[in-house]
Amino acid sequence: MRRREVITLLGGVAAAWPFAARAQQSDRVRRIGFLIGTPEDALSRAMYEAFRQGLQQLGWIDGRNVRIDARFGDPVRTRKFAAELVAFSPDVILVTGSFATQLLLQETRTVPIVFTIVPDPVGSGFVESLSQPGGNASGFMQFEYSLSGKWLELLKQMAPNVTRAAILWDPTIAAGIGQFAVIQSVAPSLGIDVRPINMSNTSETERAVAAFASQPNGGLIATASALTVAHRELINTLAAKHKLPAVASNRVYVTSGVLISYGVDFLDQNRRAAVYVDRILKGEKPADLPVQAPTKYELVINLKTAKQLGLTVPPTLLARADEVIE
């Protein structure tokens, strides 16, 4: 073979290498982690399925071109699961909730992370700014802390006689502290005295709510956290038992019997998160993907619960409601 032919042949092989490498990379099964800081139940499974369906619509099929490692935790197991998922060296991790996001970022500052249902990711230290996250995480925020004051306003509108409110919260996370601070700041203008109740110990929570309810004109607010979501049935039971009007951050509480909720659609956020995961799998970085703020909040009212409490729902609220449960 002549020298010129050898050079031409080698040049053709070398030129083909990048194409072969790209083809091999596109055929590689990608690995995705999924972490949620609440136990596996109907809600957490629904959020996982919403994310999986979102991926399918974008061409990513679990078991075909992606493998999804899903973990459903609680305050103890979530830390273990965060470390476990990072050890798998996934291409990206989808994480739901402030608590799980906080633990995951303690484990890695290199693995790409997409978060959902996180209040104030800037204040929590997850990103540098909403427009330029700057690190290995970006995603979808649940709300700004200012929204927390709306829950107290709704409680007063639904139950004008309320002068005291028990605030169910998780004081171990920045989001819990931020929400309570806002609620506390607007309380004087509404003539309501607020009392925080830690949700970390259910027995103590039950005793604290019972003691609170021994005095008249009380109401409940369930702030947004993995703890309150995990214990939403308990919150409903306590509210019903002590005849306390209760406000929460998502419709899942209202379908369980809570009086009213105002907040984002959990399933929609996890479905939309698939778009960011898709973009990261195609080469983009979380640092360049701006954090998405909610474009709409849902107002859901349980009319049956209102009747049981002897409350008349203001017509203006009924007109604004996205859903009324009868």
Side-chain angles (χ1 to χ4, degrees), residues 28-119 121 126 136-142 170 173 175 224-233 250-252 264-282 284 286 289 292:
R28 179 172 66 88
V29 174
R30 301 301 191 88
R31 196 161 190 175
I32 300 173
F34 177 91
L35 178 64
I36 184 168
T38 57
E40 185 172 1
D41 60 11
L43 175 61
S44 59
R45 289 296 305 181
M47 288 192 281
Y48 170 68
E49 287 302 321
F51 170 61
R52 205 167 62 86
Q53 290 168 11
L55 285 176
Q56 287 181 354
Q57 292 172 359
L58 296 165
W60 298 103
I61 311 300
D62 187 20
R64 185 179 301 172
N65 55 0
V66 293
R67 171 181 171 177
I68 304 176
D69 299 295
R71 298 292 185 271
F72 304 83
D74 55 36
V76 175
R77 295 194 301 164
T78 301
R79 187 180 299 278
K80 171 192 170 186
F81 289 153
E84 187 175 283
L85 288 175
V86 170
F88 291 154
S89 298
D91 295 282
V92 59
I93 299 175
L94 186 285
V95 58
T96 295
S98 287
F99 178 68
T101 302
Q102 177 179 306
L103 294 181
L104 198 55
L105 284 169
Q106 289 173 2
E107 293 293 332
T108 179
R109 290 287 178 173
T110 55
V111 174
I113 294 170
V114 176
F115 56 74
T116 63
I117 315 176
V118 169
F126 301 157
N136 65 317
S138 185
F140 299 78
M141 64 185 296
Q142 186 175 3
D170 181 357
I173 59 174
S225 74
L227 272 178
T228 52
V229 170
H231 297 306
R232 60 190 182 279
E233 296 294 342
N250 187 266
R251 69 178 303 278
V252 296
V264 300
D265 183 339
F266 285 176
L267 303 190
D268 179 64
Q269 282 220 339
N270 279 271
R271 192 177 297 110
R272 291 170 60 202
V275 175
Y276 267 19
V277 169
D278 172 65
R279 292 173 66 175
I280 290 171
L281 290 176
K282 291 176 177 175
E284 295 189 59
L289 300 174
Q292 298 289 320

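Computed from heavy atoms alone, side chains included, the values below leave out hydrogens, waters and symmetry copies.
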Quick check: do [X] and [Y] have side-chain heavy atoms less than 4.5 Å from each other?
| X | Y | result |
| --- | --- | --- |
| Ile61 | Val66 | no |
| Val29 | Asn65 | no |
| Phe115 | Pro121 | yes |
| Ser89 | Val111 | no |
| Ile93 | Val86 | yes |
| Ile117 | Val229 | no |
| Ile36 | Val95 | no |
| Val92 | Leu281 | yes |

| request: Hey, can you tell me if Phe140 and Tyr276 have their rings parallel, tilted or perpendicular (30° and 60° cut-offs)? | output: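 Ring orientation, 0 to 90° scale: tilted.
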
| What orientation do Phe72 and Phe34 show, parallel under 30°, tilted 30 to 60°, or perpendicular over 60°? |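 Tilted: the ring planes of Phe72 and Phe34 meet at 30° to 60°.
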
Should the pair [X]-[Y] be classified as a salt bridge under the 4.0 Å nitrogen-to-oxygen rule?
| X | Y | result |
| --- | --- | --- |
| Lys282 | Asp278 | yes |
| Arg232 | Asp41 | yes |
| Asp91 | Arg28 | yes |
| Asp69 | Arg67 | yes |

Return the [atom1] to [atom2] distance between [X] and [Y], rounded to the nearest 0.5 Å.
| X | Y | atom1 | atom2 | answer |
| --- | --- | --- | --- | --- |
| Leu55 | Leu94 | CG | CG | 8.0 Å |
| Leu104 | Arg109 | CG | CZ | 10.0 Å |
| Gln57 | Arg271 | CD | CZ | 7.5 Å |
| Gln53 | Tyr48 | CD | OH | 11.0 Å |
| Arg79 | Gln102 | CZ | CD | 8.0 Å |
| Lys80 | Glu107 | NZ | CD | 13.0 Å |

| request: Establish, from distance only, whether the side-chain atoms of Thr96 and Thr116 form a donor-acceptor pair under 3.5 Å. | output: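 Result is yes, a qualifying pair exists.
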
| Under 3.5 Å, is there a donor-acceptor pair linking the side chains of Ser98 and Thr101? |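 Ser98 vs Thr101: no donor-acceptor pair found between side chains.
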
| message | Does Arg31 qualify as a cation-pi partner of Phe88, given the criterion of NZ or CZ under 6.0 Å from the six-membered ring centre and within 45 degrees of its axis? | response |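 Yes, Arg31 sits over the ring of Phe88.
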
For [X] and [Y], indicate whether the former's side chain and the latter's backbone hold a donor-acceptor pair under 3.5 Å.
| X | Y | answer |
| --- | --- | --- |
| Asn270 | Phe266 | yes |
| Thr38 | Ala230 | no |
| Glu40 | Gly73 | no |

| Least distance between heavy atoms, Ala224 atom then Thr228 atom |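 What the structure gives for the nearest pair is C-OG1, 4.0 Å.
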
| What is the minimum heavy-atom distance between Pro112 and Pro286, and which atoms define it? |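 It is CB-CG, 3.8 Å.
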
